[in-house]
Colleague: 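Have a look at the structure that comes next, please.
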There are 2 protein chains.
Amino acid sequence: MDDLEVRQLRYFVAVAEELHFGRAALRLGMAQPPLSRAIRELERRLGVRLLERTTRHVSLTPAGEVLLRDAKPALDAVAAAGRRARHAGRAEPGLRLAMKADYDGGLLPRILAAYRLEPAALPVELVLVGRGEQLPALREGRADVALLPVPLADDRGLDVEPLLTEPRLVALASTDPLADRPRLRVADLAGRTLPDGTPADRDGRPPTAVTAGPSPLAEAPPRRLDLAQIFNLIELGSIVWFPPASVARRHPRPGVVYRTVEDLGPITLALAWPQDSRSPAVAALVRTATTVAATAARP
Amino acid sequence: MDDLEVRQLRYFVAVAEELHFGRAALRLGMAQPPLSRAIRELERRLGVRLLERTTRHVSLTPAGEVLLRDAKPALDAVAAAGRRARHAGRAEPGLRLAMKADYDGGLLPRILAAYRLEPAALPVELVLVGRGEQLPALREGRADVALLPVPLADDRGLDVEPLLTEPRLVALASTDPLADRPRLRVADLAGRTLPDGTPADRDGRPPTAVTAGPSPLAEAPPRRLDLAQIFNLIELGSIVWFPPASVARRHPRPGVVYRTVEDLGPITLALAWPQDSRSPAVAALVRTATTVAATAARP
DNA sequence: GGTCATCCATACCTTCACGGTATCAATGCC
DNA sequence: GGCATTGATACCGTGAAGGTATGGATGACC
């Protein structure tokens with residue numbers, strides 16, 4: 001008579017994020033009355049009021065805020081358990097590496113080549129995800145290791161091993177007035193629009209800043225552009241872009257020039273994996289990757 | 001069609017630990033056939049075989065082992081979410097401190113006195129638990145902070161702040177031949193029985209060693225003695241005991257003598273709390289406790 | 001090697017929790 | 001004060017979960 005159920009937590013999170021039973025029910029793909037009842041039942045089990053509601057307004061009680069904060073990691077843990085078990089049962093187990101396409105510092109081919117020679121190696125399956133989606137992929141058990149920029153906003157439950165630090169450049173239209181100057185400063189680019197639609201601030205926007213996850217129907221979802229779109233907009237002078245040097249090197253393109261920005265902070269790529277991973281395959285990949293990165297660092 | 005349910009995980013853990021459907025059903029308080037069906041349904045959802053079973057033998061598949069490992073933290077997370085929400089909803093919120101009775105290094109009165117003066121202080125509720133039960137209490141949301149010996153076997157998800165290190169003594173019957181010698185070495189006590197029924201090894205058994213949690217009906221559950229029983233057995237010469245100095249100081253007793261053991265490692269007490277705790281009350285307690293411990297250290 | 005006890009699976013039944021529809025009632029807005 | 005919005009209630013049907021009875025395979029023992 002004590003145990004919460006996953007379904008109840010899912011329902012509660014939906015309502016707590018929407019603060020609206022109707023919209024939450026819609027999001028959950030069900031009718032509103034059963035949702036109201038389910039929340040009521042959850043409150044009864046806990047013996048605690050979670051939501052203060054009138055017909056015009058729904059708000060979280062302190063207990064509700066606590067539960068909202070704790071429920072999400074709990075749901076993640078359950079989902080991860082399922083995904084990992086599912087993956088472990090596949091006939092041919094592989095090592096799933098989550099990364100954003102091209103953001104490997106140019107190391108990936110060498111890492112994978114070296115890794116294949118390891119005795120503990122498994123076939124590597126690349127899980128290509130969008131910007132900032134490496135961590136969720138790891139936490140939800142869709143990947144076994146992730147390649148991502150550090151520092152992380154939240155590295156709880158993870159082990160992290162930095163691989164390499166590389167400078168970032170700026171990508172400009174070749175017709176841009178600034179393209180004539182061989183070296184720039186961040187201040188020269190202040191106010192320019194970035195690929196995600198936000199204006200460049202004076203830090204050149206640290207790449208891990210916007211990792212809040214899918215916000216509760218936020219009014220302005222950040223623009224998600226693919227490479228072709230990005231280059232198109234750069235060429236037209238609509239946006240500027242701060243790719244790491246290795247990404248720029250891999251994408252030479254007429255109409256787009258790369259320039260160094262003197263005071264733009266570098267980016268550090270790292271491997272991350274669940275702390276409780278006792279997989280020798282993961283351990284071998286980490287070992288291999290650090291070795292490759294170290295040898296690549298001294299040219 | 002994707003989500004696991006808490007009930008399914010609980011059932012699976014029971015079977016995976018017992019490796020016997022009948023006993024697992026007994027432990028879960030249900031009949032065996034529905035349990036068999038539930039596991040079958042779980043396997044169907046995951047699309048993975050978790051248990052290899054004949055009528056004579058049940059064993060885990062690799063996927064089953066992965067799930068068993070991941071399911072327990074997931075269940076803990078769900079239980080903790082419920083407990084914390086329940087606690088947060090109480091009219092008068094308190095700070096729950098899990099500890100083993102008396103194992104506070106003698107600091108607790110001063111810590112609590114100083115803590116009460118803090119502006120962020122809440123009423124402190126002591127959660128007295130058995131040896132090695134502080135961590136589970138924390139992880140399952142039964143406590144907000146724990147006072148326990150470090151290093152921890154598993155500190156994932158926790159922040160830890162050491163408070164003080166104190167020597168351990170040995171408690172012997174006053175009639176014991178060794179009682180005449182003012183100073184002893186661990187080797188002198190090798191082979192003596194400890195309160196938990198195990199023989200003393202040459203380290204004097206680090207106090208965090210046997211924290212594996214309630215093992216799956218292990219054949220020899222460690223003896224759990226209370227203080228009166230311990231003293232009784234010491235007096236009779238049946239066991240020896242290695243209490244920290246502060247515990248010994250608090251329990252003078254005729255028929256029992258305390259002696260220093262030259263090469264017995266000291267014990268370090270620390271506070272631990274969930275990494276995601278953003279409670280100012282916890283922060284204030286930690287700050288207060290470290291201050292008190294620091295001032296107590298230089299007499 | 002035959003008999004037997006053990007133990008997981010199957011068959012079948014009952015109950016109740018969950019979800020749906022229709023409707024009420026309270027609340028804020030114009 | 002009328003009205004639209006929105007959460008709660010009433011009522012119903014379906015299906016999942018649990019129970020009992022029983023089957024059938026397997027290892028043990030004589």
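Residue numbers start from 1 in every chain, and the chains themselves are labelled A, B, ... in the order their sequence lines are given, proteins ahead of strands. Computed from a prediction, not measured in an experiment: that's the story for all the values here.
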Colleague: Should A:E125 and A:R96 count as an ion pair when the cut-off is N to O under 4.0 Å?
Modeller: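 Result for this pair is no, no salt bridge flagged.
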
Colleague: Where along nucleotides 25-30 of chain D does protein come under 4.0 Å, by heavy atom, of base (B) or sugar-phosphate alone (S), with - for untouched nucleotides?
Modeller: BBS---

Colleague: Is it true that A:E17 and A:K72 make a salt bridge, defined as a side-chain N closer than 4.0 Å to a carboxylate O?
Modeller: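 Here A:E17 pairs with A:K72 in a salt bridge, since their nearest N and O are under 4.0 Å apart.
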
Colleague: To the side chain of A:V58, which of D:dG7, C:dC8, C:dG20 is closest?
Modeller: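 Nearest to the side-chain atoms of A:V58, counting from C-beta on, is D:dG7.
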
Colleague: Is A:R45 salt-bridged to A:E41, going by a charged N under 4.0 Å from an acidic O?
Modeller: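 A salt bridge links A:R45 with A:E41.
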
Colleague: Regarding A:H20, tell me which of base, sugar-phosphate or nothing describes its non-hydrogen contacts under 4.0 Å with the strands shown.
Modeller: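 If one applies the 4.0 Å heavy-atom cut-off, A:H20 turns out to touch the sugar-phosphate alone, with no base involved.
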
Colleague: Which part of the nucleic acid does A:Q32 contact within heavy-atom distance under 4.0 Å: base, sugar-phosphate only, or nothing?
Modeller: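 Base contact - A:Q32 has a heavy atom under 4.0 Å of at least one base atom.
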
Colleague: Would you say that A:L19 contacts A:V15 through its side chain, given a criterion of any heavy-atom pair below 4.5 Å between the two side chains?
Modeller: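 A side-chain contact under 4.5 Å is absent here.
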
Colleague: In terms of the nearest nucleotide of DNA chain C, which residue is placed more toward the 5' end: A:E41 or B:P34?
Modeller: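 The residue closer to the strand's 5' end, by nearest nucleotide, is B:P34.
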
Colleague: Give the angle between the helix axes at the two ends of the helix from C:dG1-D:dC30 to C:dC30-D:dG1, taking five base pairs at each end and rounding to 10°.
Modeller: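 Angle reported: 30°, given to the nearest ten degrees.
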
Colleague: Across the strands shown, which category fits B:R7 at heavy-atom distances under 4.0 angstrom: base, sugar-phosphate, nothing?
Modeller: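 Result for B:R7 = sugar-phosphate.
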
Colleague: Just to confirm, is there a sub-4.0 Å distance from OP1 or OP2 of C:dC8 to any side-chain nitrogen or oxygen of B:R40?
Modeller: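 So the side chain of B:R40 is outside the cut-off, no N or O lying under 4.0 Å from OP1 or OP2 of C:dC8.
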
